[in-house]
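Reading through the structure tokens given below for one structure.
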Amino acid sequence: MEEVKTPGAMEEEDKVYVPGSPEDLARFFAKVKTTESDALSAKHLDWGWKVLGPEDGAALAHVISKNKTCITLDLFVNEIFEEAGVAVGKALASNMVLKSLDLQQAQVGVPGAKAIAAALKANIPLMNLKMHYNHLGPEGVGAIAEALKTNDKLTNLDLGDNGMMKEGVQALAAMLQKNTKLMRLDCSKNAGLWGDDAMKGVLTKAGEQHDAARKKAKKLIPQDELPFKLLMEDSPGQMWSPNRSEEHTSE
């Protein structure tokens with residue numbers, strides 16, 4: 001039997017709060033089932049699969065900006081989209097403790113990628129960034145790649161299924177020839193790379209040059225001793241493309 005909502009319940013659900021206001025933050029913390037105090041003091045925040053959306057961008061930015069102890073933030077499979085992605089990226093720029101951020105399937109798009117790239121340019125301490133399936137396209141991938149030419153903290157990056165196209169592949173290849181810190185790069189299931197041996201060759205060669213430079217570079221952290229790992233798997237299933245007409249199912 002279908003649940004019938006009372007008028008009062010419907011009004012409460014339909015309320016619109018000013019982003020970042022006390023009321024908005026209270027709504028958000030109720031949604032993730034925690035208190036503001038706990039959210040701002042936790043070392044690990046696991047908010048994957050919390051049905052977060054664009055309306056939660058200001059609250060997420062609040063937590064990222066104010067929490068001074070969190071080293072791991074998991075936001076996987078929450079479709080926050082571009083505006084909230086930008087808010088998260090801007091907040092990251094002032095966060096000096098976070099080590100790992102999982103944004104898989106957040107769909108932050110090019111604007112979100114550019115905001116995150118700006119934070120990476122500020123050389124924040126982030127070491128692990130997962131951005132599988134975020135609708136980055138070649139422009140978003142290019143922004144991340146450009147930031148990593150100077151960033152010397154990030155060691156693991158997942159850019160799988162982002163429709164990077166050939167321009168994104170070339171941007172990553174150029175980055176790998178300058179960066180000496182990245183130890184793992186996942187470019188699996190990307191339009192522009194999937195099934196293209198020539199473009200895979202471009203990235204493979206750049207990866208080899210990157211690995212050689214890593215071996216010669218000064219070792220500052222244990223990860224610096226590890227060999228570079230490049231993933232370019234042609235995984236089965238639907239693959240996203242910035243040109244919707246090119247979306248297809250890989251086999």
Side-chain atoms of residues 117-126: list all donor-acceptor pairs with protein atoms under 3.5 Å, sequence neighbours left out, distances to 0.1 Å.
{"residue": "N123", "atom": "OD1", "partner": "D152", "partner atom": "N", "Å": "3.0"}
{"residue": "N123", "atom": "ND2", "partner": "D152", "partner atom": "OD1", "Å": "2.7"}

Stepwise, does the side chain to side chain contact (heavy atoms under 4.5 Å, CB included) test hold for W47 with T34?
-> CA-CA 10 Å; W47 287 341; T34 190; 4.1 Å; yes
List the steps, then state whether side chain to side chain contact (heavy atoms under 4.5 Å, CB included) holds for N190 with V141.
-> CA-CA 11 Å; N190 262 282; V141 169; 5.6 Å; no
Check against side chain to side chain contact (heavy atoms under 4.5 Å, CB included), I80 and V88 | CA-CA 10 Å; I80 62 174; V88 166; 4.2 Å; yes
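Closest heavy-atom contact between A87 and G57: CB-O, 3.8 Å. The two residues V110 and L136 make their nearest non-hydrogen contact at CG2-O, 3.3 Å. Counting all heavy atoms, side chain and backbone alike, K114 lies closest to A143 at CG-CB, 4.0 Å. Shown here for G168 and P138, the closest heavy-atom pair between the two residues is N-CB, 3.9 Å. In terms of heavy-atom proximity, A213 sits nearest to T180 at CB-CG2, 4.0 Å.
Within the 4.5 Å cutoff, the side chain of D46 has heavy atoms near those of the F76 side chain. Counting heavy atoms from C-beta on, the side chains of V32 and L45 never come closer than 4.5 Å. In this structure, the side chains of L203 and L176 come closer than 4.5 Å at one or more pairs of heavy atoms.
The main-chain N or O of E233 is found under 3.5 Å from a side-chain atom of S188 such that the two form a donor-acceptor pair. The main-chain N or O of G207 is never found under 3.5 Å from a side-chain atom of D211 such that the two would form a donor-acceptor pair.
Take N95 and apply the side chain to side chain contact (heavy atoms under 4.5 Å, CB included) test, not counting sequence neighbours, and it matches I64, V97, L98. Residues satisfying the side chain to side chain contact (heavy atoms under 4.5 Å, CB included) criterion with K178, sequence neighbours excluded, are K149. With sequence neighbours left out, I71 forms a side chain to side chain contact (heavy atoms under 4.5 Å, CB included) with H44, K99. With sequence neighbours excluded, the residues forming a side chain to side chain contact (heavy atoms under 4.5 Å, CB included) with A171 are A145, listed by chain and number.
With values rounded to the nearest 0.5 angstrom, Q105 atom CD is found 12.5 Å from K130 atom NZ. For the atom pair CG of N134 and CD1 of I116, the computed distance is 7.0 Å after rounding to the nearest 0.5 Å. Interatomic distance, CG of N156 versus CG of L182, reported as 7.5 Å (0.5 Å rounding). Between the OH atom of Y133 and the CG atom of L103 there is a distance of 15.0 Å, given to the nearest 0.5 Å. With rounding to the nearest 0.5 Å, the separation of CE in M239 from CH2 in W194 is 5.5 Å. For the atom pair CG of L25 and CD of E23, the computed distance is 9.0 Å after rounding to the nearest 0.5 Å.
Note: the hydrophobic cluster containing F28 also contains L40 (ILVMFWY, side chain heavy atoms under 4.5 Å, direct or indirect links). Placement of V108 and L52 within a single hydrophobic cluster is found when ILVMFWY residues are connected by side-chain heavy-atom separations under 4.5 Å, directly or transitively. In terms of hydrophobic clustering, with Ile, Leu, Val, Met, Phe, Trp and Tyr side chains grouped at heavy-atom distances under 4.5 Å, L129 and M175 are assigned to a common cluster. There is no path of hydrophobic side-chain contacts, each under 4.5 Å, that joins M165 to V169. The cluster map of Ile, Leu, Val, Met, Phe, Trp and Tyr, joined by side-chain heavy atoms under 4.5 Å apart, puts L193 and W240 in different clusters.
Residue pairs satisfying the side chain to side chain donor-acceptor pair (under 3.5 Å) criterion with at least one member in residues 214-227, sequence neighbours excluded, are listed as follows: K181-D224. Annotation: side chain to side chain donor-acceptor pair (under 3.5 Å) contacts involving residues 74-84, sequence neighbours excluded, comprise E79-Q107. Listed by first and then second residue, the side chain to side chain donor-acceptor pair (under 3.5 Å) pairs involving residues 158-168 amount to none (not counting sequence neighbours). Residue pairs meeting the side chain to side chain donor-acceptor pair (under 3.5 Å) criterion with at least one member in residues 49-68, sequence neighbours excluded, are R27-D56, K31-E55, K31-D56, E36-H62, N67-T69. Applying the ring pair (Phe, Tyr, Trp, His ring centres under 6.0 Å) definition to pairs two or more places apart or across chains, those involving residues 210-233 are H210-F228.
Clustering of Ile, Leu, Val, Met, Phe, Trp and Tyr side chains at separations under 4.5 Å leaves V86 isolated, with no partner residue. Counting side-chain heavy-atom gaps under 4.5 Å among Ile, Leu, Val, Met, Phe, Trp and Tyr, the cluster of M183 also holds L226.
Defined by atom type and a distance below 3.5 Å, a donor-acceptor pair is missing between the side-chain atoms of N243 and S241.
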